[in-house]
Amino acid sequence: MLKECCEALGDKIFEIGIGLETSNDYTREKKINKGFSREDFEKAVNIIKNSEFKCDVRAKAYLFVKPILTSEKDAIEEAVNSAFYAESVGASRISFCPATIHKDTLMELLWKKGSYQPPWIWSVMEIIQRVRSDVKIPVIMDTAGFGSSRGPYNCKKCNSKLKAIIIESNLDQTVPETFECECKSRWKAEVDYSDITRSTTGISRKK
Ligand SMILES: [Zn+2]
């Protein structure tokens with residue numbers, strides 16, 4: 001199949017996106033219900049990279065930011081570790097997808113009960129800053145849903161400004177620079193002290 005695609009593409013780049021979501025097998029299997037292991041991912045990347053295909057075949061890893069039952073701090077650390085892992089096993093590009101709440105999902109159910117909240121945009125910022133500083137391959141941070149009640153959220157004063165900074169940095173692949181906002185101390189407190197059962201509710205975050 002890959003061989004046939006390559007023949008049709010000639011000398012073009014052929015990028016195959018794989019929804020790895022995280023380098024943590026437990027999270028991928030139990031919290032995301034994905035159905036494949038790290039080993040499967042590595043095998044797939046090896047097939048893509050070690051092939052004798054005529055065109056330039058590359059693997060892109062999609063990584064998910066903040067699965068359910070994950071604290072703000074753990075969500076940051078897992079996303080950063082997943083990027084290092086994806087690069088180390090041969091992915092040539094990474095795309096981060098921070099969580100947004102979709103209808104009729106377990107995530108929505110937990111969100112309505114106050115047991116889940118998408119990541120803060122500050123967390124997303126920290127992830128992209130740390131990853132861009134140390135990972136050599138291109139990294140994209142998806143900003144879909146930023147600033148909405150069902151997506152990554154800081155406060156009304158800084159949401160759109162930070163979103164614009166991230167979009168800009170996706171284009172030039174630089175480490176984004178941030179600024180101070182009064183909501184940042186609440187984010188910091190959540191990173192330092194919250195666990196998965198004491199997630200900040202959307203209502204309190206919108207102050
Ligand atoms: Zn703010």
Side-chain angles (χ1 to χ4, degrees), residues 21-22 24 27 31-32 62-84 94-103 105-135 138-207:
E21 317 300 351
T22 170
N24 185 314
T27 301
K31 299 181 186 175
I32 305 177
Y62 285 92
L63 299 176
F64 187 68
V65 180
K66 204 174 175 189
I68 56 168
L69 306 172
T70 306
S71 71
E72 198 72 19
K73 185 181 174 63
D74 288 347
I76 296 169
E77 297 307 321
E78 200 166 311
V80 171
N81 291 339
S82 296
F84 290 143
I94 290 166
S95 187
F96 278 111
C97 306
T100 55
I101 312 280
H102 291 270
K103 216 170 156 41
T105 57
L106 177 59
M107 187 176 269
E108 186 188 49
L109 188 76
L110 292 169
W111 174 65
K112 283 182 173 169
K113 287 176 183 290
S115 300
Y116 177 80
Q117 190 63 27
W120 284 79
I121 300 176
W122 291 125
S123 299
V124 171
M125 260 297 178
E126 181 173 327
I127 292 164
I128 198 70
Q129 284 177 323
R130 285 169 60 184
V131 171
R132 284 247 177 80
S133 300
D134 291 319
V135 166
V139 182
I140 300 294
M141 179 61 76
D142 188 357
T143 57
F146 274 40
S148 75
S149 63
R150 286 176 172 254
Y153 199 95
N154 274 3
C155 81
K156 280 180 180 166
K157 286 181 186 166
C158 65
N159 280 337
S160 46
K161 204 171 164 190
L162 285 169
K163 180 178 175 177
I165 290 172
I166 292 174
I167 291 172
E168 188 71 30
S169 82
N170 281 338
L171 298 174
D172 60 19
Q173 288 294 305
T174 50
V175 178
E177 284 183 29
T178 58
F179 49 87
E180 293 304 311
C181 182
E182 60 198 29
C183 70
K184 202 168 184 178
S185 57
R186 282 191 284 130
W187 164 72
K188 190 78 177 63
E190 185 159 340
V191 170
D192 290 344
Y193 304 113
S194 80
D195 59 29
I196 56 171
T197 58
R198 287 186 292 133
S199 184
T200 308
T201 67
I203 294 152
S204 67
R205 199 183 285 184
K206 279 178 203 165
K207 275 174 197 166

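Counting starts at 1 for both ligands and their atoms, in listed order.
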Legend entry - Option among Arg186, Lys188, Lys66 that satisfies the salt bridge (Lys or Arg N to Asp or Glu O under 4.0 Å) test with Glu72: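 In the set Arg186, Lys188, Lys66, the residue that makes a salt bridge (Lys or Arg N to Asp or Glu O under 4.0 Å) with Glu72 is Lys66.
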
Inset, instruction - Could you pull out the closest heavy-atom pair between Ala79 and Ile127, with the gap in Å? - result: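 Looking at all heavy atoms of both residues, the closest pair is CB-CD1, 3.6 Å.
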
Inset, instruction - Quick one: name the protein N/O/S atoms under 2.8 Å from the Zn ion (ligand 1), chain by chain. - result: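 Listed by chain and number: Cys155 SG, Cys158 SG, Cys181 SG, Cys183 SG.
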
Inset, instruction - Not counting sequence neighbours, list each pair that qualifies as a salt bridge (charged side-chain N to carboxylate O under 4.0 Å, His left out) and has a residue in residues 125-135. - result: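 Of all non-adjacent pairs touching residues 125-135, those that pass salt bridge (charged side-chain N to carboxylate O under 4.0 Å, His left out) are Glu77-Arg130, Glu126-Arg130.
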
Legend entry - Polar contact flag, side-chain donor to acceptor under 3.5 angstrom, Thr70-Glu78: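 On atom types as modelled, these side chains do not qualify, holding no pair under 3.5 Å.
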
Legend entry - Flag for Thr174-Asp172: side-chain donor and acceptor within less than 3.5 Å: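 Yes - a donor-acceptor pair under 3.5 Å links their side chains.
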
Inset, instruction - Examine distances only and state if a side-chain atom of Lys31 and a backbone atom of Leu69 form a donor-acceptor pair shorter than 3.5 Å. - result: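 Present.
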
